[in-house]
Protein chains: 2
Amino acid sequence: MTMAADLTDRQRRILARLVSEYIEQGEPVSSSWLAEHSGLGLSSATVRNILARLEEQGLVRQPHTSAGRTPTDAGYRLYVDWLLNARRRLKSADGLETRLRRSGTVTDLLENVSHELAMASQQIAFAMTPASQTVRLRHITFVSLDSRRVLVTVVATGNQVTHKVIDTPEEYEMAALEQAAQYINAEFAGLTLHEAREAIVARMHEERMIYDVLLTRALQLAQTGLDEVTPEETLHVQGASFLFEGALGSSVDREHVTLETLRALFKLLEEKHRLVELLTSYIEADGLTVVIGSEHTSPDMHPFSLVASSFNDGQRTGTVGVIGPTRMRYQRAITVVDGVSQAVARVLEGN
Amino acid sequence: MTMAADLTDRQRRILARLVSEYIEQGEPVSSSWLAEHSGLGLSSATVRNILARLEEQGLVRQPHTSAGRTPTDAGYRLYVDWLLNARRRLKSADGLETRLRRSGTVTDLLENVSHELAMASQQIAFAMTPASQTVRLRHITFVSLDSRRVLVTVVATGNQVTHKVIDTPEEYEMAALEQAAQYINAEFAGLTLHEAREAIVARMHEERMIYDVLLTRALQLAQTGLDEVTPEETLHVQGASFLFEGALGSSVDREHVTLETLRALFKLLEEKHRLVELLTSYIEADGLTVVIGSEHTSPDMHPFSLVASSFNDGQRTGTVGVIGPTRMRYQRAITVVDGVSQAVARVLEGN
DNA sequence: ATTAGCAGTCACCCCTAGCGAGTGCTAATC
DNA sequence: GATTAGCACTCGCTAGGGGTGACTGCTAAT
């Protein structure tokens, strides 16, 4: 395998035609088919020469000697990079946006987004808001549940609501809790969740000597309540059944999407923290990311590709995307993910 | 197929042996194997006669002429009914219970329960609390999100927390909202959610003439907030990857658990409301319910069996259970589901 | 009622042969 | 020098056939 970058224009067009045809049909593409449909007016023999060179570069492969060519992951990569340069806009963005605007909390929004994305792309889709340093505390409430338990509800910017039950060393009066909440809200609202926790801890040290029981309790409750904005709850996955389409499609599929690999993927999807790790490791910058087959770090993902886009409303960065077999309709996936991502960003800015 | 009820003791024992062996091995059971292992001291020929009669009754079936017998759904049914009469207790219930007690809200609890159940049974598991008429309002809070939106948080008995964003016709002051919440809490806490809504509507009619703006607004907010305790949020499913085990297990499985049927099931599981409908249609009384293969109303469920148990803590009725191929380890599933269900009930009573 | 024995069925495995799609290579052509 | 026609070759796929073994159902003897 030599350098893959230096391709003649003709080679590139043949490769692109091959990849798109293979994506549609799912069967190895022959030299004669390419000769007829490439629009280059070449004979199949010439195409064979070209294919032989593409194969040397590791861009295409033959399942067996007397078969046509299929793209390798590297071949998909070149094709996708080429697609990304000429990106299309999603048409139905308006309807989508108004539908998304109906969402209440961020959780609702992510739920809706993942659903829309799964339907539009006909693939498994996810939407994630990673625990962000820029989400700000808006309002906190305490409700006494029973003698030893207090419910803490935290509302953050972007209508993000989390609640959590805390075991306390002693019982609280309803009135005391309300007062405590008022105190916290007055003092710490507007800070990022992280800052707020820091500030509260600092305050606890400062005022340690004051022996104001109420104050101490309030700070303790608030600190514990802010301790954890679980990342698990901010990841939404939908459309798992679409994964079967790929496996069902080409009847006796020699694709590597088998029951075994499907199971591995499902297991990965179930352990949400693994998926979160995976996603956060990819997405550094804003914008579209495509990770193809063996480019994944996790072996379980090798039979699959991922198309994701991170959005940024200034306050919070999130990621939406789809997962499908490496033989995926990248054109459509990219268009849809990009469109949805931007719609989400606009919706969040609107708040 | 004649009446299935009147079986001699010998027939019953042969059937039970056949079913349990088939469940373990996944392969048709032959007359000679049964003759050796039934403990009845019969020859294979006699067993063949018995099997022929069981087949007449529709309890067993031959995949093809020269194969052993497999149970039909009716055969499983008899076997399961027989199991239910001699139920075992789950041993590890203590550890389970303390683990479950760590859950905060009911949502947490259901999440944990479905997880525990999936792991213990090695099958896909669910936990559900249907919208209940007996849940009582404990505490309500309003938080202003932006000019036209208010977050309503409802805490109900059993640490059930729901929140919802409401679009309002006009802006509210923070102070006004707090006052409104206090009013609602003072007046309506302790009623069931349904009663509370009724009472609030009644109050709105009564006091229509009073022109107390604050009061009216409070009532309106509360009413809208209580309107919907979404059933979707109260269903938790986990362990989907276990479904693959069955399909992978017997290599080239002639079981009806194919990719196609798996896909149908996944689709059903994704549309949670369909699953909720299904479950609520089965579970009327307390206690264990087993629904086997073709006994399901939905064709998508025909290749699968369901073992569920509803629990009742006096306030609320919920359901936990597992789903697996009709060739399921019913003994284990029943024990586990029963044990977990009772543990959940105890945990809920503890609150 | 039970059983031994026997004939019959049928999935499974393996082998073979033929087909056809598609290739690589070479020699002729523009 | 690039392109192409032609040809030999490879190899997956399918169909068919024979052998094997695991069962069964039936019948006649116990």
Side-chain angles (χ1 to χ4, degrees), chain A residues 7-15 17-19 21-22 25-72 75 250-256, chain B residues 6-15 17-18 21-22 25-72 75 250-256:
Chain A
L7 291 183
T8 66
D9 184 60
R10 210 173 56 176
Q11 286 177 315
R12 208 170 302 164
R13 290 178 70 169
I14 291 287
L15 177 61
R17 207 80 188 82
L18 184 147
V19 174
E21 176 65 10
Y22 180 68
Q25 302 301 331
E27 273 165 25
V29 185
S30 72
S31 57
S32 61
W33 188 95
L34 283 170
E36 276 185 46
H37 298 85
S38 69
L40 294 171
L42 297 174
S43 78
S44 66
T46 313
V47 173
R48 276 202 287 284
N49 286 330
I50 298 174
L51 288 177
R53 243 170 263 146
L54 290 177
E55 190 157 7
E56 283 169 24
Q57 311 216 26
L59 298 171
V60 298
R61 154 183 49 208
Q62 287 178 282
H64 58 265
T65 327
S66 70
R69 257 76 171 198
T70 65
T72 63
S250 318
S251 60
V252 188
D253 217 299
R254 42 208 154 302
E255 298 292 308
H256 280 231
Chain B
D6 44 358
L7 290 184
T8 67
D9 184 60
R10 209 172 57 173
Q11 287 177 315
R12 209 170 300 164
R13 289 178 70 168
I14 291 285
L15 177 62
R17 206 80 188 84
L18 185 147
E21 176 65 9
Y22 181 69
Q25 302 301 332
E27 272 164 26
V29 184
S30 71
S31 58
S32 61
W33 189 94
L34 283 170
E36 277 184 45
H37 297 86
S38 70
L40 293 171
L42 297 174
S43 78
S44 64
T46 314
V47 174
R48 278 202 285 285
N49 286 330
I50 298 175
L51 288 176
R53 244 172 262 145
L54 290 177
E55 189 156 9
E56 281 169 25
Q57 311 215 28
L59 298 171
V60 298
R61 157 185 45 209
Q62 289 178 280
H64 54 85
T65 325
S66 69
R69 257 75 171 199
T70 66
T72 62
S250 318
S251 58
V252 189
D253 218 300
R254 40 210 156 300
E255 298 293 306
H256 280 231

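Just so it is clear, the model here is predicted, and its values are computed rather than measured. Values reported hereafter were calculated over all heavy atoms of this structure, with side chains retained and with hydrogens, waters and symmetry mates removed. Residue numbers start from 1 in every chain, and the chains themselves are labelled A, B, ... in the order their sequence lines are given, proteins ahead of strands.
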Handout entry: Separation of atom CD in Gln62(A) from atom C1' in dC9(D), rounded to whole Å
Key = 13 Å
Fill in the blank from the handout: Which of dA22(D), dC26(D), dT23(C) is nearest the side chain of Ser66(B)? It is dA22(D)
Practice task
Answer with base, sugar-phosphate or nothing: what part of the nucleic acid does Thr46(A) contact at a heavy-atom distance below 4.0 Å?
Solution key: base
Handout entry: Smallest separation among heavy atoms of Pro63(B) and Thr70(B), with atom names
Key = CG-CG2, 4.0 Å
Completion exercise
Only one of Arg48(A), Arg61(A), Arg69(A) passes salt bridge (charged side-chain N to carboxylate O under 4.0 Å, His left out) with Glu55(A), and that residue is Arg69(A)
Handout entry: Residue closer to the 5' end of DNA chain C, Leu51(A) versus Thr65(B) (nearest nucleotide)
Key = Thr65(B)
Problem - Nucleotide of dG24(C), dA4(C), dT4(D) approaching Ser43(B) most closely (side-chain heavy atoms) - result: dA4(C)
Practice task
Looking only at side-chain atoms of Asn49(A), point me to the closest of dT4(D), dG24(C), dG5(C).
Solution key: dT4(D)
Handout entry: Position toward the 5' end of DNA chain C (nearest nucleotide), His64(B) or Ala45(B)
Key = Ala45(B)
Exercise for the section: Write down the distance between CD (Gln11(B)) and C1' (dA1(C)), rounded to a whole number of angstrom. Expected result: 14 Å
Practice task
Look at all strands and tell whether Ser44(B) reaches a base, only sugar-phosphate, or nothing, counting heavy atoms closer than 4.0 Å.
Solution key: nothing
Practice task
Please determine if a side-chain N or O atom of Ser30(A) lies less than 4.0 Å away from the OP1 or OP2 oxygen of dA21(C).
Solution key: no
Problem - Phosphate OP1/OP2 of dA22(D) contacted by Arg48(B) side-chain N/O (<4.0 Å) - result: no
